[in-house]
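On a predicted model such as this, the values are computed, not experimentally measured, just so you know. Quick note on labels: first sequence line is chain A, next is B, and so on, each numbered from 1.
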Amino acid sequence: MQRSGNINGSSAITYRPIDQPKEPFPAMRMSELVGHRYKERPAEATLESHALLLRGGYARQVANGIYSLLPAGLRVIRKIERIVREEMDRIGGQEVLMPLAQPRELWEESGRYQSVGPELARFKDRAGHDMVLAMTHEEGVVHLCRNEIHSYAQLPFMVYQIQTKFRDEPRSRGGLIRVREFTMKDGYSFHRTKEDLESYYMECFRAYERIFQRAGFSNVVAVEADSGMMGGKISHEFILLTEVGEDTIATCTETGYYANREVATGIIQGYAEAEQALEKVHTPNQKTIEEVAAFLGVQQHQTAKAVFYDSDEHGKPVIAVIRGDREICEPKLAKIIRAIPTPANDARIRGAGGVPGFASPLGLDKSKWRIVVDSTVATSNNLVTGANEADYHYKNFNLSRDLPGVETHDIAMIADGDRTPDDKGVIALQRGIEVGNIFQLGTKYTESMGMTYNDEAQQKCVPIMGCYGIGIGRMMSSIMEVHRDQYGPKWPMSVAPWQVHLNALKLNTPGVKEAAEKLYADLTAKGIEVLFDDRDERPGVQFADADLLGIPVRLIVGERNLKEGNIEWKRRDTGESGVVSIDTAIDFAIAGIASGK
RNA sequence: CGGGGCGUAGCGCAGCCCGGUAGCGCACCUGCUUUGGGAGCAGGGGGCCGCUGGUUCGAAUCCAGUCGCCCCGACCA
């Protein structure tokens with residue numbers, strides 16, 4: 001299979017089919033399974049998936065945001081990885097493996113040794129060399145590839161890995177959803193042209209849709225995102241919409257608009273009215289928007305508030321102005337001032353002539369301040385704003401009249417009920433978990449790290465990069481969060497740690513053990529991934545454990561049905577159950593597995 | 001980094017105010033009885049009461065410090 005859109009004579013990436021037979025994971029006996037399950041909910045778990053992760057014997061915490069995986073958990077992880085590998089291979093990815101520990105020099109080449117904060121773990125090796133633990137592998141991949149690629153004929157290509165990352169997050173939480181050490185699939189593609197990157201980016205986009213669909217997610221949406229510290233322009237996050245998510249997403253099902261709240265734009269209602277004369281009013285000790293609005297008897301949207309930040313890119317203090325009923329979206333502001341907005345302290349504000357609590361862009365020395373006004377202030381009239389004088393505000397501030405020519409941008413945080421950018425729908429905010437992301441990176445890393453190739457005219461060119469991440473452990477916890485009931489997870493067949501859970505009840509009654517052992521042997525011989533509960537446990541214990549292990553198909557050998565030559569079956573997902581003749585049980589299991597659920 | 005909470009057996013917790021040398025449930029081990037949704041009885045093992053220092057005749061308990069974990073916020077591919 002060849003990808004269409006062969007650009008500028010460059011060779012395309014060769015896609016590979018994925019229909020090779022899969023090696024089954026080993027069958028095993030529950031009496032030998034390492035990792036116990038328990039009844040009591042762990043105190044530290046706040047999310048259901050976190051509680052089940054621990055209760056089901058999938059993982060154990062070692063330190064804050066650092067986990068070990070037990071066999072049951074690792075099997076789920078391996079299944080997820082298998083799906084990811086197949087889809088990455090299918091779009092022509094080649095698997096590589098780069099180190100977690102890397103020398104400082106590599107990160108100085110890209111500039112990130114300085115630009116990234118304390119979440120980049122740094123240490124010295126025994127020889128005193130500065131080292132880092134990679135939090136992502138752009139540096140690693142450029143280092144790896146820059147000496148392998150010399151000609152345009154070698155582009156494009158994509159390499160990927162499934163490797164540990166370490167990020168010293170200020171705060172991890174939620175089981176495997178947000179951790180410091182985690183496994184990520186990260187892929188990197190290299191292209192000659194922007195167009196080639198864009199077309200491959202879309203291929204990867206579609207591969208991601210297949211991955212999430214195969215892993216059992218029905219409501220993952222791709223949203224426009226902020227590329228943040230990664231650099232680059234276009235990026236998408238794949239967000240699983242769920243109430244327990246940490247990210248907030250602006251969504252509109254009517255128009256299909258989806259964007260991370262950090263970058264979401266929309267149409268915010270304006271309040272236009274006839275301009276009235278500017279008037280200074282005494283507002284003793286009324287500092288917050290709530291206080292001022294109440295004191296003057298106006299709505300919050302009839303005010304403008306000023307928020308101070310330290311230094312734009314030129315070191316000037318920043319005053320951001322927005323209508324009083326709205327919040328500033330700091331990532332948007334960051335792009336405009338080309339610096340991370342950090343709130344300014346009072347001394348800094350006063351030092352430049354501002355009056356905290358009664359601040360306003362009116363009357364500020366424009367040579368000392370970077371003034372950025374949000375569009376909401378432009379679309380409303382007669383606002384109340386500070387007078388830059390203690391205990392005084394102005395009424396009837398009108399931007400175009402009173403502060404003509406000031407820098408006006410969209411720096412507002414979008415809210416429930418705003419109109420979509422095309423004005424055809426209404427935005428609703430939803431919570432979600434970011435399970436993957438893709439970036440059109442550009443040349444940030446290839447350029448800074450000196451990766452070049454020769455084109456047809458012997459000219460040195462810099463490859464254009466894309467990068468593509470998926471959090472493997474985060475996917476596992478997210479699947480558990482979505483597919484579960486009060487008793488445990490309900491693993492989709494594609495990621496289930498085992499395909500069939502075989503119970504033997506009253507193991508020591510005549511015939512039961514023999515029948516179950518034979519079924520276990522036959523299932524195993526057919527290449528079915530079966531977990532055989534061969535313990536002489538009471539039925540309640542066995543069933544509770546089976547629920548916590550969440551295996552899709554359960555087969556129960558018990559005295560009661562065995563008399564008729566039958567065994568019972570039960571589906572973990574639907575709760576359906578029935579009996580089937582022991583002679584056809586294997587075909588029944590195979591059919592259940594083949595149904596893919 | 002700011003605010004709050006908690007560290008006592010593998011897990012969940014009581015005891016701490018009011019100081020006297022540690023207890024309950026689950027789990028684990030032995031025996032008997034049980035066996036289709038986390039059984040019953042009997043017996044048993046397991047604790048530097050997070051760590052360090054102080055007060056005291058005596059500290060799980062009071063005081064100081066320190067480390068760790070959890071939650072909220074800030075932060076964040």
Side-chain angles (χ1 to χ4, degrees), chain A residues 35-47 50-51 54-55 57 60-66 112 115-120 134-138 165 167-175 177-180 182 184-188 223 225-232 235-239 246-247 260 262-263 330-331 334 340-343 434-441 444-445 466-471 474 486-488 503-509 512 533 535-548 554 556-562 567-568 570 575 577 579:
Chain A
H36 74 288
R37 291 144 304 284
Y38 53 88
K39 199 169 7 179
E40 278 151 341
R41 185 191 169 93
E44 73 262 27
T46 47
L47 302 186
H50 187 186
L54 301 172
R55 286 189 52 215
R60 300 284 179 243
Q61 181 167 349
V62 177
N64 178 296
I66 298 177
R112 288 208 290 188
S115 70
V116 176
E119 71 254 38
L120 177 63
M135 45 191 290
T136 171
H137 281 78
E138 282 76 19
K165 306 276 181 276
R167 289 182 199 173
D168 199 357
E169 296 278 358
R171 189 177 157 205
S172 55
R173 67 200 109 172
I177 288 188
R178 184 173 195 77
V179 286
R180 294 193 295 169
F182 58 101
M184 174 179 256
K185 185 286 297 175
D186 47 327
Y188 307 89
V223 311
D226 177 29
S227 51
M229 72 156 189
M230 296 297 300
S235 71
H236 286 86
E237 290 171 346
F238 287 80
I239 303 279
E246 293 188 295
D247 290 311
N260 192 302
E262 292 177 356
V263 296
E330 292 182 356
I340 295 174
T342 46
E434 180 187 351
V435 286
N437 54 31
I438 55 179
F439 292 86
Q440 293 184 22
L441 264 186
K444 173 174 174 177
Y445 296 94
C467 74
Y468 318 96
I470 287 181
R474 183 179 282 191
Q486 60 178 306
Y487 304 110
N503 290 102
L505 303 185
K506 290 197 264 183
L507 193 67
N508 292 321
T509 44
V512 169
D533 193 343
R535 303 168 303 168
D536 187 20
E537 283 287 356
R538 300 174 59 81
V541 174
Q542 288 200 21
F543 293 151
D545 278 349
D547 288 340
L548 280 168
R554 189 182 305 172
I556 305 154
V557 179
E559 188 182 19
R560 216 161 61 183
N561 291 304
L562 203 56
I567 61 168
E568 185 183 340
K570 185 167 186 182
S577 63
V579 294

*What is the distance, rounded to the nearest whole Å, between atom CZ of A/R538 and atom C1' of B/rU35?*
5 Å
*Kindly indicate whether the side chain of A/K570 and the base of B/rG37 share any N or O donor-acceptor pair separated by less than 3.5 Å?*
yes
*What integer distance in Å separates A/L505:CG from B/rA39:P?*
13 Å
*Does the side chain of A/I177 come within less than 4.5 Å of A/H50's, by heavy atoms?*
no
*Can you tell me how far P in B/rG12 sits from the matching atom in B/rG2, rounded to whole Å?*
28 Å
_Partner nucleotide of B/rA64 by Watson-Crick or wobble geometry (both distances under 3.5 Å)_ = B/rU52
_On RNA chain B, compare the nucleotides closest to A/N437 and A/R37; which residue's is nearer the 5' end?_
A/R37
*When all nucleic acid strands are considered with a 4.0 Å heavy-atom cut-off, which category describes A/D545: base, sugar-phosphate, or nothing?*
base
*Letter per nucleotide, 5' to 3', of nucleotides 5-14 of chain B [B base touched, S only sugar-phosphate touched, - untouched; heavy atoms, 4.0 Å]*: ------BSS-
*asked:* By nearest heavy atom, map A/E330 and A/G558 onto RNA chain B; which one lands nearer the 5' end?
replied: A/G558
*Hey, is the side chain of A/N64 pairing donor to acceptor with the base of B/rG68 inside 3.5 Å?*
no
*What integer distance in Å separates A/E262:CD from B/rC75:C1'?*
11 Å
*Separation of B/rU35 P from A/N503 CG (nearest whole Å)*: 18 Å
*For A/H236, ring-ring contact (aromatic ring centres under 6.0 Å, His included) partners two or more places apart*: A/Y201, A/F205
*Please give, in whole Å, the distance from B/rG38 P to A/R535 CZ?*
15 Å
*Provide, to the nearest angstrom, the distance between the NZ atom belonging to A/K39 and the P atom belonging to B/rC26.*
8 Å
